[in-house]
Amino acid sequence: MSAETYVALTPESLPARLGGLAALREKVGPPESWQVREVGDGNLNLVFIVTGAAGHAVVKQALPYVRLVGESWPLPLKRSFFEYNALIRQEARDPGSVPAVWHFDEVQAIVVMEYLTPHVILRQALIAGRQVEGLGRRLGEFCARTLFRGSDLSMPAAERKADLALFAGNVELCDITENLVFSDPYFAAPMNRHTPGLDGIVARLRSDLSLKVAAQHLKMAFTSRAETMLHGDLHTGSIMVTDTETRVIDPEFATYGPMGFDVGMLIANFLMAHFSQPGHETAPGERAGQQDWLLSVVETIWRTFVAEFSHLWRTERRGILYQASLYEDQGHGLAAEQALADLIGRIWVDMLGFCGVEMHRRILGLAHNADFERIADEGRRAACEARALAMGRQLMLGAGAIRGIGAVTAMARRMDKEDHL
């Protein structure tokens, strides 16, 4: 189905409008059997679950504005084009990591895809105190495979440059990242909000000149260093899980940027989940085991990323960067290993900085995390958030001096016992 003009779907209109799609009829059954419910709870889009005689499907449609704010903030429909193109690339680069895409309609900004069941949003599972087998390993693999295989380390140069040109068109969603992540949290921007008990630490952070400089260095890196195709919004709300399986969703913010960006944003959300756990306790220490597990996931993500990235470097480095013809083919394998270590070191420093800025923007900016928002007691919430804010600052300003992921998790454990209000 494509019409001359875009029209937003409703549960009532969807069967009539999409009933002719062969992909939906094959996967779900005849439209007269369909039941449709709208389940979108994100910031941007309509999301429908379609259930029929033969099965289920998800229909995702972009709205011409930011759903979180309303029609006062227009947003182009073309973001669904970038989401579709990101999904098919992620599937090719890490098979089985994302939902299968069954249909795309550019005019109506619709992506029809696999319905993941009995999966739940990872953030909700973490708030509930659930643990997921193999989570850190799978996410580390996803980051390594998509970031390596979407770069000049792996892709043919012409193909990579064509992709760079394509994703450079995702201007409006990049603008959201550039401002809401890197700038707005560090001054009293109109759409910012924070827990009232944080006023003191927020004032200190916004008057910290070194911190503001660090944030803009990170912004410059994000805007100017087109190293690989990023997911662009990789957090625990963009991941769906069962007790044993992990899938990544919602890559509509996909763009080209620094390799450390996705990994840093992801790890930041696990650190925030760690700091939020005491706010969900009904008795002191009740979530201590969950906190330990969350920090073990942080360590596993990074260590798996390094191991898998290193494996791909040694087996799939066929792009225009660090060619084997310059190293291994000349008997200089040691130089290739040195180059790998140098590159991982740069990714590490970037990752820590992006991790810190994500922890700030999720507490001080427009889009907050349910990990903290679900803590009803404002005093307890502020105490948890203050620890995350303090750690974010340490990561941004101390990235060059932090040695190893164990030092990061040790910092989280220490700060969890401190009062930063």
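- Salt bridge annotation for Lys27-Glu114: absent, with no cationic side-chain nitrogen under 4.0 angstrom from a carboxylate oxygen.
- Across Val98 and Phe142, no two heavy atoms sit closer than the pair CG1-CE1, 4.3 Å.
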- Please test Leu366 against Asn192 for side chain to side chain contact (heavy atoms under 4.5 Å, CB included), starting from the C-alpha separation and ending with a verdict. CA-CA 5 Å; Leu366 172 66; Asn192 286 350; 5.6 Å; no

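- The environment of Met220 atom CE is sparse: at most 12 non-hydrogen atoms of other residues, nucleotides or ligands sit within 6.0 angstrom.
- Using a 4.5 Å heavy-atom cutoff, the side chains of Asn369 and His235 are not in contact.
- Annotation: the span from Ile267 atom CD1 to Leu395 atom CG amounts to 10.0 Å, rounded to 0.5 Å.
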- Task: Kindly indicate, with the supporting measurements, whether the criterion side chain to side chain contact (heavy atoms under 4.5 Å, CB included) is fulfilled by Tyr6 and Val107.
- Result: CA-CA 6 Å; Tyr6 166 92; Val107 174; 5.5 Å; no

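- Just one residue in the list Ile239, Val241, Thr236 forms a side chain to side chain contact (heavy atoms under 4.5 Å, CB included) with Leu126, and that residue is Thr236.
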- Query: So Thr246 and Arg138, side-chain hydrogen bond (donor to acceptor under 3.5 Å, both in side chains) or not? Walk me through it.
  - Reply: CA-CA 7 Å; Thr246 300; Arg138 191 65 195 89; over 6 Å; no

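- When the shell of 6.0 Å around CZ of Phe275 is examined, it contains more than 12 heavy atoms from other residues, nucleotides or ligands.
- Of the inter-residue distances, the one linking Tyr327 atom OH with His332 atom NE2 reads 11.0 Å to the nearest 0.5 angstrom.
- Trp348 places a side-chain heavy atom less than 4.5 Å from the side chain of Ile402.
- Side-chain atoms of Val36 and Pro15, non-hydrogen and from C-beta on, do get closer than 4.5 Å to each other.
- Between Gln61 and Asn45, the side chains place no donor N or O within less than 3.5 Å of an acceptor N or O (distance only, hydrogens not considered).
- Salt bridge annotation for Arg361-Asp233: present, with a cationic side-chain nitrogen under 4.0 angstrom from a carboxylate oxygen.
- Ion pairing of Arg89 with Asp163 is present here, as a side-chain N (NZ or NE/NH1/NH2) and a carboxylate O approach within less than 4.0 Å.
- More than 12 non-hydrogen atoms from other residues, nucleotides or ligands lie less than 6.0 angstrom from CD of Glu418.
- What you find for Gly406 and Thr409 is that their closest heavy atoms are O-OG1, 3.1 Å.
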- Task: Any chance you could lay out the salt bridge (charged side-chain N to carboxylate O under 4.0 Å, His left out) test for Glu106 and Lys78, step after step, and finish with the verdict?
- Result: CA-CA 7 Å; Glu106 186 171 358; Lys78 64 181 180 180; over 6 Å; no

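- Here the CG-CZ distance, from Leu230 to Phe253, works out to 12.5 Å after rounding to the nearest 0.5 Å.
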- Message: Please determine whether side chain to side chain contact (heavy atoms under 4.5 Å, CB included) holds for the pair Phe104 and Val112, giving the CA-CA distance in whole Å, both sets of side-chain angles, and the decisive distance to 0.1 Å.
- Response: CA-CA 6 Å; Phe104 172 59; Val112 179; over 6 Å; no

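- Using a 4.0 Å cut-off between charged nitrogen and carboxylate oxygen, Glu83 and Arg79 do not count as a salt-bridge pair.
- Here Ser296 contributes atom OG and His274 contributes atom NE2; the two are 11.5 Å apart, rounded to the nearest 0.5 Å.
- For Gln108 and Arg17, the side-chain atoms include at least one donor-acceptor pair closer than 3.5 Å.
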- Please test Asp416 against Gln291 for side-chain hydrogen bond (donor to acceptor under 3.5 Å, both in side chains), starting from the C-alpha separation and ending with a verdict. CA-CA 10 Å; Asp416 195 51; Gln291 287 186 292; 3.0 Å; yes

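- Put simply, the side chain of Val132 does not reach to within 4.5 Å of the side chain of Asp243, judged on heavy atoms.
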- Quick one: do Lys161 and Glu159 satisfy salt bridge (charged side-chain N to carboxylate O under 4.0 Å, His left out)? Show the steps, please. CA-CA 5 Å; Lys161 287 176 171 60; Glu159 182 183 336; over 6 Å; no

- Are Glu299 and Arg303 close enough, and set up right, to give a salt bridge (charged side-chain N to carboxylate O under 4.0 Å, His left out), and what steps lead you there? CA-CA 6 Å; Glu299 293 183 359; Arg303 289 172 179 151; 3.1 Å; yes

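- Results of the side chain to side chain donor-acceptor pair (under 3.5 Å) test with Ser183 over Lys212, Lys219, Glu178 single out Lys219 as the only residue that passes.
- The minimum heavy-atom distance linking Ala254 with Asn170 is given by the pair O-ND2, 2.9 Å.
- Closest non-hydrogen pair, Arg317 versus Ala336, comes out as NH2-CB, 3.9 Å.
- Taken from OG in Ser13 to CZ in Phe48, the straight-line distance is 7.0 Å, to the nearest 0.5 Å.
- Between Phe261 and Phe354, the two ring planes are perpendicular [angle over 60°; tilted spans 30° to 60°].
- Ion pairing between a basic and an acidic side chain is recognised when a charged N comes within 4.0 Å of a carboxylate O; Arg362 and Asp371 show no such pairing.
- Residues forming a salt bridge (Lys or Arg N to Asp or Glu O under 4.0 Å) with Asp208 (at least two apart in sequence, or on another chain): Arg393.
- Heavy atoms of other residues, nucleotides or ligands lying less than 6.0 angstrom from CD of Gln35 number 12 at most.
- The closest donor-acceptor contact from the side chain of Glu38 to the backbone of Leu46 lies at 3.5 Å or more, if one exists at all.
- Between the CG atom in Leu295 and the CD1 atom in Ile405 there is a gap of 9.5 Å [rounded to 0.5 Å].
- With a 4.5 Å cut-off on side-chain heavy atoms, Ile249 and Met240 count as touching.
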- Item | Step-by-step salt bridge (charged side-chain N to carboxylate O under 4.0 Å, His left out) determination, Asp419 to Arg387 | CA-CA 7 Å; Asp419 182 358; Arg387 296 180 187 112; 6.0 Å; no

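- Side chain to side chain, Thr304 and Glu141 fail the donor-acceptor criterion of an N or O pair below 3.5 Å.
- Glu316 and Ser154 share no side-chain donor-acceptor pair at under 3.5 Å.
- In plain terms, the two heavy atoms of Thr315 and His311 that are nearest each other are OG1-O, 2.8 Å.
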- Kindly indicate, with the supporting measurements, whether the criterion side-chain hydrogen bond (donor to acceptor under 3.5 Å, both in side chains) is fulfilled by Thr51 and His56. CA-CA 4 Å; Thr51 302; His56 311 270; 3.0 Å; yes

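- Taking 4.0 Å as the cut-off between side-chain N and carboxylate O, Arg149 and Asp94 do not count as a salt-bridged pair.
- For residues 147-179, the ring pair (Phe, Tyr, Trp, His ring centres under 6.0 Å) pairs, not counting sequence neighbours, are Phe148-Phe309.
- Between His360 and Tyr186, the ring centre distance stays below 6.0 Å.
- With no hydrogens or angles considered, no side-chain donor-acceptor pair links Gln90 and His231 at under 3.5 Å.
- For Ala203, there are no side-chain contact (heavy atoms from CB on, under 4.5 Å) partners two or more places apart in sequence or in a different chain.
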